[in-house]
2 protein chains.
Amino acid sequence: MSEVDSFFKSAFSVDNVIFGFDGSDLKVLLIQRGAPPFKGKLALPGDLVYPNENLETAAERVLEQLTGLRGVYLEQVKAFGAVNRHPLGRVITIAYYSLVKTKDYTPMPASFAQVASWHTIHHLEELAFDHNQILHNCLLQLQQRVRMAPIGFELLPPKFTLTELQQLYESILETELDKRNFRKKILSMNLLEDLNEMQAGVAHRPAKLYQFDQERYKQFVERGYSFDL
Amino acid sequence: MSEVDSFFKSAFSVDNVIFGFDGSDLKVLLIQRGAPPFKGKLALPGDLVYPNENLETAAERVLEQLTGLRGVYLEQVKAFGAVNRHPLGRVITIAYYSLVKTKDYTPMPASFAQVASWHTIHHLEELAFDHNQILHNCLLQLQQRVRMAPIGFELLPPKFTLTELQQLYESILETELDKRNFRKKILSMNLLEDLNEMQAGVAHRPAKLYQFDQERYKQFVERGYSFDL
DNA sequence: AGGGTTATTGTTCATTGTACACCAAATAAT
DNA sequence: ATTATTTGGTGTACAATGAACAATAACCCT
């Protein structure tokens with residue numbers, strides 16, 4: 001094989017860190033590999049990129065095949081390309097993360113042969129390939145991003161309570177926040193609309209329900225902000 | 001050509017946005033392409049990644065071949081992989097940016113056939129491939145990064161004045177800063193050491209020279225900070 | 001009716017950000 | 001030598017933001 005030919009003995013893939021929030025913890029959607037290498041191990045969902053497919057399209061395809069979801073938040077993080085990261089050849093992978101509302105997620109039975117399931121981010125077992133490293137990098141990026149734009153809302157159902165929102169931020173940022181200060185800050189942004197509805201069926205004082213103001217939300221995503229907590 | 005084969009009719013490259021600072025403006029090092037496609041156009045320095053070469057190693061190699069510099073600040077930004085971004089085939093590229101002290105830069109005559117030269121970032125002409133887009137993304141990342149860690153120092157000579165430092169931040173962030181507030185903030189970090197030396201040969205009151213405290217610098221790079229200006 | 005659980009609300013103090021103007025020290029020009 | 005020109009260096013008052021902190025309200029369950 002000539003030098004020039006060997007430039008083309010390579011492929012690229014996408015891997016997608018799909019984050020979800022179950023109301024109290026940040027989760028990631030992992031598949032169990034059904035074939036070697038790393039058969040039986042947990043891994044990030046991913047696939048080779050088709051020859052005529054854009055990278056982002058490939059990431060969207062992986063997401064849709066696994067969850068049936070389209071049009072969700074998706075962001076590239078970076079490329080991982082260590083020479084020996086894939087045992088079968090030179091494969092560099094482009095890492096994406098996406099944010100999904102777990103309630104929208106309908107398991108796709110036949111799409112991937114593999115079983116997909118939610119796992120808590122922290123204290124995670126060893127994953128296939130360099131996927132622990134990829135996951136860690138994506139989490140760092142999410143933590144940074146959530147301070148710059150209100151993307152955390154992508155993980156919540158349309159109606160939510162302030163406590164749910166706070167728990168989301170706490171689980172993303174891995175920190176505890178002061179309840180009163182959090183509320184003061186988030187409400188002062190005029191990003192939330194009070195729905196004048198209450199939780200029902202809870203065995204304690206019911207909380208108000210909010211949704212976010214779509215216009216303000218777009219502004220914040222585009223212009224960014226500094227959300228120090 | 002079968003579907004499977006066509007997965008391997010692809011290649012990946014690195015492109016390096018090399019930033020420099022001439023004392024008043026942020027610059028980027030561009031080459032003039034000596035061969036098609038885009039012959040004669042300005043482009044980012046880049047190259048295909050060798051089969052047994054890590055991505056970062058490739059970026060370092062491109063930088064060294066062009067400038068003779070090793071061990072300078074280098075950071076991956078993201079991958080660019082639109083299907084038709086390269087007219088000769090499917091080539092995705094991984095973008096890096098690096099920060100160099102222009103005084104250290106010794107032009108490499110024979111290394112690349114192309115001519116390399118510094119260009120001001122703003123009001124840049126049209127570059128080859130999607131390099132305008134890549135450059136723009138790298139600049140955005142630099143702007144974010146410089147607020148989180150003191151990496152701006154990588155662009156300055158070992159001894160510098162506070163005014164030079166301020167002009168660096170102003171040219172990176174494309175904004176004007178208040179002199180007194182800037183000095184108050186930067187000095188309060190205990191990141192700078194007063195060298196008890198003065199500028200010489202300037203036609204005005206000479207400024208004090210500073211260097212940065214290596215220990216503090218490392219701490220800030222690792223732990224990060226919030227540098228709101 | 002009372003216990004359990006979570007929701008909601010405001011003030012004080014410390015810290016940080018922001019706006020702003022004058023004198024000092026060097027060279028250059030006359 | 002005097003003056004002009006240029007950039008360096010410094011402090012204060014006010015506003016805004018961040019941080020710490022605890023008592024009452026509303027629902028369900030028994």
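Order of the sequence lines sets the chain letters (A, B, ...), proteins ahead of strands, with each chain counted from 1.
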Undergrad: Mind checking Lys185(B) for me? I need base, sugar-phosphate or nothing, with any heavy atom below 4.0 Å counting as a touch.
TA: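 Here Lys185(B) touches the backbone only, sparing every base.
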
Undergrad: Can you tell me the distance, in whole Å, between the CG atom of Leu177(B) and the C1' atom of dT18(C)?
TA: 13 Å

Undergrad: How do Gln199(A) and Ala203(A) order along DNA chain C: which one's closest nucleotide is nearer the 5' end?
TA: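 With Gln199(A) and Ala203(A) compared, the 5'-side residue is Ala203(A).
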
Undergrad: Just how far, in rounded Å, is P of dG11(D) from CZ of Arg183(B)?
TA: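 Distance check: Arg183(B) CZ to dG11(D) P gives 12 Å.
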
Undergrad: Quick one: Phe182(B) CZ to dG17(C) C1', roughly how many Å, whole number?
TA: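 Roughly 15 Å, once rounded to whole Å.
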
Undergrad: Would you call Ile18(B) and Leu99(B) a side-chain contact if the rule is heavy atoms closer than 4.5 Å?
TA: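 Contact flag for Ile18(B)/Leu99(B) side chains = no.
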
Undergrad: To the nearest angstrom, how far is Gln166(A) atom CD from dT6(C) atom P?
TA: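 Computing the Gln166(A):CD to dT6(C):P distance gives 14 Å.
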
Undergrad: Taking only Lys NZ, Arg NE, NH1 and NH2, and the carboxylate oxygens of Asp or Glu, determine whether Glu126(A) and Lys41(A) approach each other closer than 4.0 Å.
TA: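 The answer is yes: the pair qualifies as a salt bridge.
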
Undergrad: Got a donor-acceptor pair under 3.5 Å from the side chain of Lys184(B) to the base of dT16(C)?
TA: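 Flag unset: no donor-acceptor pair detected.
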
Undergrad: Could you give the CE-to-C1' distance, from Met198(B) to dA24(C), as a whole number of Å?
TA: 11 Å

Undergrad: Is the closest side-chain donor-acceptor distance between Tyr210(B) and Glu164(B) under 3.5 Å?
TA: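 Glu164(B) and Tyr210(B) do not have a side-chain donor-acceptor pair below 3.5 Å.
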
Undergrad: Between Glu197(A) and Lys208(A), does any side-chain N to carboxylate O distance fall below 4.0 Å?
TA: no

Undergrad: On a plain distance test, is the side chain of Arg180(A) in donor-acceptor contact with the base of dA7(C) below 3.5 Å?
TA: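 Answer is no: no donor-acceptor pair is held.
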
Undergrad: Could one point to a donor on the side chain of Arg205(A) or the base of dA7(C) with an acceptor on the other under 3.5 Å away?
TA: yes

Undergrad: When you look at NE2 of His136(B), are more than 12 heavy atoms from neighbouring residues, nucleotides or ligands closer to it than 6.0 Å?
TA: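 Counting neighbours around NE2 of His136(B), 12 or fewer heavy atoms of other residues, nucleotides or ligands fall under 6.0 Å, so no.
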
Undergrad: Rounded to whole angstrom units, what separation is found between the CD atom of Gln167(B) and the C1' atom of dT6(D)?
TA: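 It is 13 Å, rounded to the nearest whole Å.
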
Undergrad: Atom CD of Glu176(B) and atom P of dA19(C): how far apart are they, to the nearest Å?
TA: 13 Å

Undergrad: Assign Lys179(A) to base, sugar-phosphate, or nothing according to its heavy-atom contacts below 4.0 angstrom with the strands shown.
TA: base

Undergrad: Quick check: on DNA chain C, is the nucleotide nearest Thr163(A) upstream (toward 5') of the one nearest Asp178(B), or the reverse? Name the residue that is more 5'.
TA: Thr163(A)

Undergrad: Write down the distance between NZ (Lys208(B)) and P (dG8(D)), rounded to a whole number of angstrom.
TA: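 That distance rounds to 13 Å.
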
